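A short worksheet on the structure shown next.
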Amino acid sequence: SKPTQIVKGVVEAAVEKVGDALTPDVPGAPGSAPPPLEEPTTPHGPLPPKDEQGAPDTRTPTGAETGVPKIAKGQQGAYLTTANGARLRDTDHSLKAGPRGPVLLQDHHLREKITHFDHERIPERVVHARGAGAHGTFVAYGTAEEVTRAGFLKKGRETPVFVRFSTVLGSRGSADTVRDTRGFATKFYTDEGTFDLVANNIPVFFIQDAIKFPDVIHAGKPHPDREIPQAQSAHDTFWDFVSLHTEAQHHTIWNMSDRGIPRSYRTMEGFGVHTFRMVDEAGATVLVKFHWKPKLGVHSLTWEEAQLIGGIDPDYHRRDLYDAIEAGAYPEWELGIQVFPDTPEETFAGIDLLDPTKIVPEELAPVQPIGKLTLNKTPRNFFAETEQVAFHVGHLPPGIDVTNDPLLQGRLFSYVDTQLTRLGGPNFTQIPINRPHADVNDMLRDGFHQHAVHAGVAPYRPNSLDGGNPFPAGDREHAFVDTPVTVAEAPKVRAAPASFDDHYSQVRLFWQSMSPVEKEHIIRAYTFELGKCYHQAIKERQLQCLANVDPVLCEQVAIGLGLPVPQPTVPPAEVQPSPALSQVGREWPADGRMVGIVVDAQADLGDVHEVRREVFAAGMVPLLIAAHGGTVDGLPVQRTFATGRSVEFDAVLLAGAPAPAPDALPARDAKAGAPGSPTVDPRVLLLVEEAWRHAKVIGAWGAGAEVLHQAGVTGTPGVVTGGSGTEVLGEVQRLMAAHRVWERFPASVA
Ligand code: HDD
């Protein structure tokens, strides 16, 4: 004990000395304790909640209205409480034996807080882990009444919906703009039961039989040894799989096209992929394929943009969706169906309707609009809604039924099964976002996380104890009736029909339907992705597949890889191109698009006020970009030269020619003051150069024309100059309708 005392004495003396030296005479001098933050001492009301979102959280698990307030009771009131509702006076210090003493096991609040935190995460989805959701409504046109008895498709019916968009391969935290298929899953809360249309933005799938789903996903996911690359198809196992399982070639060419890198969730088509069966009141059936058509047209990023955004704003699509909705630019899609006669062959124009690697070109069977979807609310809570939403292709209302597509049949099993692990038990339909709006009166009982307090003693039927409840419904009470399709008498086999063997004709059809610019992008995408593979044999095998698609495509990719061009092993099919597959050549509204406006002190700011007003009036979002934050002539600066980057904007307007700001890095060719050296901030020049390279519309007036000059883009297609900002904006808007200035892209193939 003596030595301890000595040491203690020395330490105390030292602390006193150092403390003296550090004690400042001026409050706030370096070393002084920070002034305490002012803390509210009286409780305020809670933050105003978001509006009611349409989620059925005011219902009991049996569907009845509970009459409880719309905001869940769990997070009410001004005072901090335990999970049991006991008010707390301190949540920052654990309970100890004296301020320096050990923590006491009896500290219930400490244990509860940490235990709950320790269990906050649930397993992410095994595929489609990264996503973003939104609420909305679906209004039926009534045009489907002829072919289906589904109540929600009757004219004028309005149905609440929740939509979740996603990428497939990446983890929950992966970047939005990777090259991948996108999910487009819609939950229709119809009054005849929930209908889940679990769709993708690509109308075909990699495989024809669900039994191969684990294989294709294992191949696409990161390599099992190093767990890289994240959210990418540019790696050996993916290309190994798709070149060996050649039915995947059709889906793959869609991935390699601009469809693999959408500009926004708002500019994606959606496809139900499989053929479904619709049943009318009289029991007559047709076969249908579902399509979502975006009001804004189908539009994609360029590959360079997608890569840059992956670093600059990995949440780009999520942010875009929420910003658009919260700005009132509600995204809209029309739901349409292609309708085919329900014949015993289940084919149309020679195309096997049960083969999920085949499309039916719209030119052969037009997509007939049956209703409109509008997304108008962002989720109140990401986890509760977007993470916990659980879709299932078997959730079908009366009037819509499945077919024998072997991919669909396997999905009917997988979706419930996966939720058992992901959501921790069989009662996930009782989670608010998953609760049906129709009355629920099942005989499912108990299990983990049971929220219902079921009454009655006889969850079986028939029974005589619960008054015979529940009763089975008949046709008149809108029962779901399985379509009595005749099942062929056939031997049990593990086999596919011969028509499933055609793996190339529709890949060629897709290629032939592309414009030269789109073909160029496809060539570059294959070259990039295969260039990232290490195994020569895999590159060669995929080139062999491309030879069977098209000689030009194959040759161009082979040149990029530095490999010989193989001969086709399958004769090229005669195909009729489908112009509907191309994204180029049409005009679309510009709702919710971003217009960056570069300003500096010399800009004609009166004009900027006017331009900003007009951009808003056109339903777009103007963002002012200046050397530093704050305001310019009373207008808020939303991006600075440090925080703004071209990829965020659909068009760039130049109202000034800002000189290099002090925080600018030196420009490549700027020798301060040397004749001919740029006088414009290099970040503004980069903004213009990138916007130009990505084929975006650029406009300038007044001093802004000097920026065009120094960026070397004056007089090129899609670069607009004029006497006033409003004059320039008019022409810029006209050009934006085509999405991009397509003629600016080089296209080496016809
Ligand atoms: Fe799937 C999720 C779409 C084939 C098994 N799938 C999932 C999601 C979408 C799709 C959009 C995300 C839903 C959400 O946002 O929560 N899947 C498709 C499409 C397919 C397809 C369009 C082919 C036409 N899927 C497919 C097969 C299987 C699965 C063949 C299994 C045999 N899919 C699942 C799953 C997931 C899923 C494992 C993961 C998370 C979930 O279901 O809820 O069950």
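Order of appearance sets the numbers: ligands from 1, and atoms from 1 within every ligand. Since the model is a prediction, treat every value here as computed from it, not as a measurement. All values below were derived from every heavy atom in this structure, side-chain atoms included, with hydrogens, water molecules and symmetry-related copies excluded.
Residues Ile359 and Gln506 are in side-chain contact: their nearest non-hydrogen atoms beyond the backbone lie under 4.5 Å apart. Here the side chains of Leu321 and Pro331 are in contact, with some heavy-atom distance below 4.5 Å. Proximity of Phe184 to Tyr265: side-chain heavy atoms (C-beta onward) are nowhere separated by under 4.5 Å.
Of all atoms in ligand 1, numbered sequentially from 1 with element shown, those under 4.0 Å from a heavy atom of Phe391 are 13 (C), 14 (C), 15 (O), 16 (O). Near His274, the atoms of ligand 1 lying under 4.0 angstrom from a non-hydrogen atom of the residue are 24 (C). Per-residue contacts place His128 under 4.0 angstrom from the following atoms of ligand 1 (heavy atoms of the residue considered): 2 (C), 3 (C), 6 (N), 7 (C), 8 (C), 9 (C), 10 (C), 11 (C), 12 (C). Close approach of ligand 1 to Gly183 (heavy-atom distance below 4.0 Å) involves ligand atoms 11 (C).
For Lys289 and Phe276, the positive end is not near the middle of the six-membered ring at less than 6.0 Å and at most 45° from its axis.
Of the protein's non-hydrogen atoms, the one nearest atom 43 (O) of ligand 1 is Gln419 NE2, 2.8 Å. Remark: minimum distance from atom 23 (C) of ligand 1 to any protein heavy atom is reached at Phe205 CD1, 3.4 Å. Distance from atom 18 (C) of ligand 1 to its nearest protein heavy atom, with residue and atom name: Arg411 NH2, 3.0 Å. The protein atom (non-hydrogen) at minimum distance from atom 15 (O) of ligand 1 is Arg164 NH1, 2.6 Å. What sits closest to atom 41 (C) of ligand 1 on the protein, heavy atoms only, is Thr418 CG2, 3.5 Å. Annotation: atom 38 (C) of ligand 1 to nearest protein heavy atom, Val126 CG1, 3.5 Å.
Shown here for Leu373 and Trp292, the closest heavy-atom pair between the two residues is CB-CZ3, 3.6 Å.
The aromatic rings of Phe271 and His291 sit perpendicular to each other, their planes meeting at more than 60°, with 30° as the lower class boundary. Classified by interplanar angle (parallel below 30°, tilted 30° to 60°, perpendicular above 60°), the ring pair Trp333/Phe165 is tilted. Ring planes of Phe195 and Phe152: tilted class, angle from 30 to 60°.
A donor-acceptor distance shorter than 3.5 angstrom exists from the side chain of Asp196 to the backbone of His392, with no hydrogens or angles considered.
Two rings, from His503 and His250, have their centers 6.0 Å or more apart.
Between atom 30 (C) of ligand 1 and the options Thr421, Asp417, Val273, Leu407, the minimum heavy-atom separation is to Leu407. Among Phe428, Phe413, Phe213, Phe271, the residue whose heavy atom lies closest to atom 26 (C) of ligand 1 is Phe213. Of the candidates Arg125, Gln388, His251, it is Arg125 that places a heavy atom closest to atom 16 (O) of ligand 1.
Distance check for Ser414 against atom 1 (Fe) of ligand 1: none of its N/O/S atoms falls below 2.8 Å.
Ligand 1 has no nitrogen or oxygen under 3.5 angstrom from a nitrogen or oxygen of Arg422. An N or O contact shorter than 3.5 Å is missing between Ser166 and ligand 1 by distance. Ligand 1 has an N or O atom lying under 3.5 Å from an N or O atom of Tyr415, backbone or side chain. An N or O contact shorter than 3.5 Å is missing between Asn200 and ligand 1 by distance.
Checked by atom type, the side-chain pair Ser499/Asp352 shows a donor-acceptor distance below 3.5 Å. Donor-acceptor pairing under 3.5 Å is recorded for the side chains of His251 and Thr181.
Residue contacts with ligand 1 include Ala199, since one or more of its heavy atoms lies under 4.0 Å from the ligand.
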